[in-house]
Amino acid sequence: MATDTLKGKPGAQGGATAGLRRLLLDNGALTALIVLVIAMSALSGDFLTADNLLNVGVQAAVTAILAFGVTFVIVSAGIDLSVGSVAALSATVLAWSATEAGIPVVLAVLLAVATGIACGLVNGFLISYGKLPPFIATLAMLSVGRGLSLVISQGSPIAFPDSVSHLGDTLGGWLPVPVLVMVVMGLLTAFVLGRTYIGRSMYAIGGNEEAARLSGLRVKRQKLAIYAFSGLFAAAAGIVLASRLSSAQPQAAQGYELDAIAAVVIGGASLAGGTGKASGTLIGALILAVLRNGLNLLSVSAFWQQVVIGVVIALAVLFDTLRRKAGATTPAAGASGGGNRGRQALTYVIAAVVAVAVVGATSLLHNGSSDARTQKIGLSLSTLNNPFFVQIRAGAEEEAKKLGVDLTVTDAQNDASQQANQLQNFTSGSLSAVVVNPVDSDAAGPAVRGANKAGIPVVAVDRGVNEADTAALVASDNVEGGALGAKALAEKLGGKGTIVILQGQAGTSASRERGAGFTEGLKDYPGIKVVAKQPADFDRTKGLDVMTNLLQAHPDIDGVFAENDEMALGAVKALGSKAGKSVQVVGFDGTPDGLKAVEAGTLYASVAQQPSELGRIAVRNALRAAEDEKVENMVKVPVKVVTRENVAGFEG
């Protein structure tokens, strides 16, 4: 008996430990979310506010809806890389149909949904009957969907119908509609996976496709339906996203397919197929949203944010491997017995109790801790992958340091939706003012209106914000700059010759305005003929590749106008010894590398905007607005054509 007792005690302890370990393994994503919430709450007093938690929900909505559709695919051991492009295409079809084509809004919505389903069916057909690997088939659709979106919109955002834009609003002035849509789509996903024949088929196909086929499942038809579901959810996500931005952006949702896949994997699904559930996917999307929101509030560098999110995704996959080796299970939704459902419900209750405890503890921690208040300003830049905007940041940081201002800088990576999220985070934080360099003037409007309601002054830099109030716009005139570029190039060529134009990223206001100014300025020089226009996305490498290709068709051109210096420098590289001699190249922005090329003579001229000065003036005006001082509505920073003759005395 004594022996039995001695053996029993360790066994009991081991059983308890094993039970806790199993609980954590089976609910790793939920555990990670709770830990993240605790950490962010402890580090930032702005995190656990009602407004900010609603922001997190809104910011998770689009990723979660996309991820719900991708869950069907991953459970069946497939992959869908096209959902971001399909979302953008569906929203563009809706906006174009309702505005340009004059189709009734209800029919336009149905057409957008049908577009998403059709794209999914094409994916499913190529995979099931064309025998293409899912990676290749959906990668092809990624390109086709994005291309069609650009073709339909001609590269410009299309205003969204007001009746549909309400999907981006709130109910009762506080409950965001995107969150409601996310919940509905999550419940639909859980129902399909756990309560329908096709849901059970997904698990069977993902577990062992050959066994599923031999047991009588029509695997090919099931895959058609699975990818159609993914397309349907992508269309819904695209409509919600465009509603938030009040416009359909042809470049919207770029890279969102990776976030959607990450959310599914973080939520406990296996890329090998056979496991996954809607609640896990929702938790995965919330983890990504909490990370981005919290890192914004903590003023973590935009570059380090990407590193952190990448590490989290890698850890999630490693955890999935650990869980499978340990024998932990992620049962099919609705397929578990009553006991399992009871344990799952208990887990969520415990999580809720922990969350409430954290709210109480952190509110006590942050209450009354009002430090000597420094003025805090947020700066949201359209991208930091371009020397021009890096110089704006440098000028802003220099001025902030001089004035004793705490400056938080974020990088929207040319994604209007990501910028909207960053502006929402600024609004819910304890900021005195916000400076925004919009990815798109229309898309920034709703988020800036949110800052207006919160009483936070907003200063726009380089590009204006439409349909919202800004304390000031600090900018150079892109249209005027384009016209000056046309004049400089035409006069250098003596009013005669053939030229090509390297355009910026399709859909951006900077590209549209510079191109329009150049076209207008060229009207005074009828002897100059434009033989080709091609986008190179403001990128030096693409400028090199596009210019190399154009030279095959037009080897005897006399000049090149590039809508920024990076593309101009790529063109100079492609031209080789011709640059600055038989072919004259004009760029735009006046970046350090561009000015060095002007000095060397390979770049004839750059239309310089003095980006550092833009950043300095923007911060100065934001501080004045925060302190209720008078600010001019429009602050013009002159553009200047810099050539070899005047480059020595130019300061950006």
(Q) Can you confirm whether L286 sits close enough to L282 that some side-chain heavy atom of one is under 4.5 Å from a side-chain heavy atom of the other? (A) yes

Q) What closest approach, in Å, do A235 and V113 show between heavy atoms, and which atom pair accounts for it? A) CB-CA, 4.0 Å

Q. Are any of the side-chain heavy atoms of F160 and S165 separated by less than 4.5 Å?
A. yes

Q: Flag the pair D440 / Q249 as yes when at least one side-chain heavy-atom distance between them is below 4.5 Å, and no otherwise.
A: yes

Q.
Regarding S380 and Q419, do their side chains bring together a donor and an acceptor under 3.5 Å, going by distance alone?
A. yes

Q. At their closest point, which heavy atom of A263 faces which heavy atom of A67, and how far apart are they?
A. CB-CB, 4.0 Å

Q. Going by atom types alone, do N385 and T383 pair a side-chain donor with an acceptor below 3.5 Å?
A. no

(Q) I'd like to know whether L30 forms a side chain to side chain contact (heavy atoms under 4.5 Å, CB included) with I34, so could you lay out the CA-CA distance, the side-chain angles of the two residues, the decisive distance to 0.1 Å, and finally the verdict. (A) CA-CA 6 Å; L30 183 59; I34 292 171; 4.3 Å; yes

(Q) So if I apply the side chain to side chain contact (heavy atoms under 4.5 Å, CB included) rule between T138 and each of V83, V122, L81, which one comes out positive? (A) L81

Q: Drop me the distance from I74's CD1 to M202's CE, to the nearest 0.5 angstrom.
A: 12.5 Å

Q.
Can a side-chain donor-acceptor contact be found between T71 and T281 if the only test is distance below 3.5 angstrom?
A. yes

Q | Min side-chain heavy-atom separation T170-L175 under 4.5 Å | A | no

Q) Taking the six-membered ring for Trp, are F72 and F229 parallel (under 30°), tilted (30 to 60°) or perpendicular (over 60°)? A) tilted

Q: Enter the distance from I266:CD1 to L33:CG here, rounded to the nearest 0.5 Å.
A: 10.5 Å

Q | E100 side-chain N/O to S97 backbone N/O, donor-acceptor pair under 3.5 Å | A | no

Q. How far does CD1 of I205 sit from NZ of K220, to the nearest 0.5 angstrom?
A. 12.5 Å

Q | Check against side chain to side chain contact (heavy atoms under 4.5 Å, CB included), E209 and R213 | A | CA-CA 6 Å; E209 184 174 327; R213 186 184 65 79; 5.7 Å; no

Q: Could you give me the CA-CA distance, side-chain angles and deciding distance for S417 and Y256, then say whether side chain to side chain donor-acceptor pair (under 3.5 Å) is met?
A: CA-CA 11 Å; S417 175; Y256 280 36; 3.0 Å; yes

Q.
I'd like to know if the side chain of S441 pairs up with that of N466 as donor and acceptor (distance under 3.5 Å, no hydrogens or angles considered).
A. no

Q. Taking C-beta and beyond as the side chain, do S511 and F538 meet within less than 4.5 Å on heavy atoms?
A. yes

Q.
Under 3.5 Å, is there a donor on one side chain and an acceptor on the other for N425 and Q59?
A. yes

Q | Ion pair D169/R244, N-O distance below 4.0 Å | A | no

**Q.** Distance-only side-chain donor-acceptor flag, S76 / Y203, under 3.5 Å
**A.** no

Q: First locate atom OG of S247, then atom CG of D442, and finally report the distance between them rounded to the nearest 0.5 Å.
A: 5.5 Å

Q. Side chains of V58 and Q424: closer than 4.5 Å at any heavy-atom pair?
A. yes

Q | Flag, side chain of S215 to backbone of A212, donor-acceptor distance under 3.5 Å | A | yes

Q. Is the shortest heavy-atom distance from the side chain of V164 to the side chain of V105 under 4.5 Å?
A. yes

Q: Just do the salt bridge (charged side-chain N to carboxylate O under 4.0 Å, His left out) check on R292 and D259 with the steps written out, would you?
A: CA-CA 12 Å; R292 289 196 171 106; D259 276 1; 3.1 Å; yes

Q) Can you tell if the side chain of Q251 reaches within under 4.5 Å of the side chain of Q505, non-hydrogen atoms only? A) yes

Q.
Any donor-acceptor pair under 3.5 Å linking the side-chain atoms of T115 with those of S90?
A. no

Q.
So that I can tick it off, tell me whether R512 and E563 are bridged by a salt bridge, with the cut-off set at under 4.0 angstrom between side-chain N and carboxylate O.
A. no

Q | Gap separating the CD atom of Q413 from the CG atom of L384, nearest 0.5 angstrom | A | 9.0 Å

Q | Pairwise distance OG1(T189) to CZ(F233) - rounded to 0.5 angstrom | A | 3.5 Å

Q | Check: A252 main-chain N/O paired with R146 side-chain donor or acceptor under 3.5 Å | A | yes

